[in-house]
Amino acid sequence: MPELPEVETTLRGISPHLRGERIGQLLVRDRRLRLPVPREIESRVQGQRILALSRRGKYLLIGLECGTILIHLGMSGSLRVLASDTLPGKHDHLDLRLHNGKCLRMRDPRRFGMFLWVPDPPAAHPLLAHLGPEPLGSEFDGDYLYAQSRGRKCAVKAFIMDASLVVGVGNIYANEALHLAGIHPARPSNRVGRERYGRLARQIKLVLEKAIALGGTTLRDFVREDGSQGYFALSLKVYQRAGESCTSCGTPIRQRRIGQRSSFFCPLCQR
DNA sequence: CCGGACGCCTGTCGGC
DNA sequence: TGCCGACAGGCGTCCG
């Protein structure tokens, strides 16, 4: 599910409820996530005050007095803020209970997510240490993409989805940004010029910003912290629109597998 | 170093 | 109606 806009939406939703609060009990119902929820995590977080919340790529960071809770939502994860006595559903694997009677509840049907405690500084943790720049930051631009792409033959779509190049761009927004920039997803990275990488970097930023403004994309599992949906799905121009008309030229949108991921594009607008 | 394949899970959908 | 395979927003790991 969750790509950068959904994680950012979740961050903005939960932050006001959690910042400054003290953690009571962490209740883990099922440790079997992508990485097992560590045995010692309950004692690590018990009684600690939440100092700050942030995002790095698709990871959510909850900064404590000692260490940081690192959360990844995988494919189907979501976080909600609820009263602690709300009855849990089948896939509600853990509750981070606060002293104020609320809890942060993680749901993840496919269990591809992560919920970890990492020591300070979190950026040094192996899961975060090798991540590329944030796409919404100034370091990420067309010149950066162009420079990184030299000598790389993989499809440009796989290239921009590589988290060591740039974080946060998943399958939905990679498809959308390539369409907006007029670039064919299967084009080899080293056969995209500087100009077109400039357009691509701009469109990645624009599509992510617009999706954040609309609360992310809800296809199936993603919900905001209050249970409401994101509305960017209404703005999708190619993703999951195979056979439908391109919004700019009317040509039927094609679907094809590129780099093991379902890819959607307009054969006329994208070259 | 790079690129490609695979596995991890559950739920849903389409075809027979 | 039931069964079966394909597929789904991600990513770490392994192999050539």
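Hydrogens, waters and symmetry mates play no part in the numbers below; they use all other heavy atoms, side chains included. Not measured: the values here are computed from a predicted model. A, B, ... follow the sequence lines: proteins, then strands. Residue 1 opens every chain.
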Practice item. With heavy atoms under 4.0 Å as the rule, sort A/L35 into base, sugar-phosphate or nothing. Key: nothing
Study note, to complete from the structure: B/dG3 -> Watson-Crick or G-U wobble partner, both distances under 3.5 Å, gives C/dC15
Study note, to complete from the structure: Applying the 3.5 Å cut-off to both distances, the Watson-Crick or G-U partner of B/dC9 turns out to be none
**Study point:** Separation of atom NE2 in A/H72 from atom C1' in B/dC8, rounded to whole Å
**Key:** 14 Å
**Study point:** Which atom of A/D120 lies closest to which atom of A/C66, heavy atoms considered
**Key:** OD2-C, 4.1 Å
Review point. Which heavy atom of A/N171 sits nearest a heavy atom of A/S262, and at what distance?
Key: ND2-O, 3.0 Å
Check your understanding: Looking only at side-chain N and O atoms, does A/Y59 come under 4.0 Å of OP1 or OP2 in C/dG10?
Key -> no
Review point. Has A/H91 got a side-chain N or O lying under 4.0 Å from the OP1 or OP2 atom of B/dC9?
Key: no
Point to revise | A/L73 side chain reached by A/E6 side chain, heavy atoms, under 4.5 Å | key: no
Revision key, fill the gap. In whole angstroms, the gap separating P of B/dC1 from CG of A/D162 amounts to 13 Å
Review point. Does A/K58 have a side-chain nitrogen or oxygen under 4.0 Å from the phosphate oxygens OP1 or OP2 of C/dG10?
Key: yes
**Study point:** Atom pair distance, as rounded to whole Å: CZ in A/R150 and C1' in B/dC1
**Key:** 17 Å
Practice item. Run the ring-centre check on A/F222 versus A/F232 and record whether the distance is less than 6.0 Å. Key: no
Review point. When only distance counts, do a donor and an acceptor, one from the side chain of A/R34 and one from the base of C/dC11, lie under 3.5 Å apart?
Key: yes
Review point. Side chain of A/R220, base of C/dA8: donor and acceptor closer than 3.5 Å?
Key: no
Review point. Rounding to a whole Å, what distance do you find between A/R261:CZ and C/dA6:C1'?
Key: 15 Å
Check your understanding: Any side-chain N or O of A/S262 less than 4.0 Å from the OP1 or OP2 oxygen of C/dC7?
Key -> no
Exercise for review: Measure from the ring centre of A/F222 to the centre of the six-membered ring in the base of C/dG9, then say whether that distance is under 5.5 Å and the planes meet at under 30°.
Suggested key: no
Exercise for review: Would you mind reading off the distance between A/F159 atom CZ and B/dG3 atom C1', rounded to a whole angstrom?
Suggested key: 13 Å
Review point. Is any NZ, NE, NH1 or NH2 atom of the basic residue among A/E65 and A/R22 found under 4.0 Å from an Asp or Glu carboxylate oxygen of the other?
Key: yes
Exercise for review: Please report, rounded to the nearest Å, how far the P atom of C/dT13 is from the CG atom of A/L127.
Suggested key: 8 Å
Point to revise | For atom CG of A/L219 and atom P of B/dT12, their distance in whole Å | key: 14 Å
Check your understanding: Can a side chain N or O of A/R111 be found less than 4.0 Å away from OP1 or OP2 on B/dT10?
Key -> yes
Practice item. Taking atom P in both C/dC3 and B/dC9, compute the distance separating them and give it to the nearest angstrom. Key: 24 Å
Practice item. Specify the separation, in whole Å, of atom CD of A/Q260 and atom P of B/dG4. Key: 8 Å
Review point. Touch check for A/F232, heavy atoms < 4.0 angstrom, all strands: base, sugar-phosphate only, or nothing?
Key: nothing
Review point. Hey, would you say the A/F265 and A/H184 ring centroids sit under 6.0 Å apart?
Key: yes
**Study point:** Stacking of A/F112 on B/dC8 base (centres under 5.5 Å, planes under 30°)
**Key:** yes
Practice item. Determine the Euclidean distance between corresponding P atoms of C/dG5 and B/dG7; express it in Å to zero decimal places. Key: 15 Å
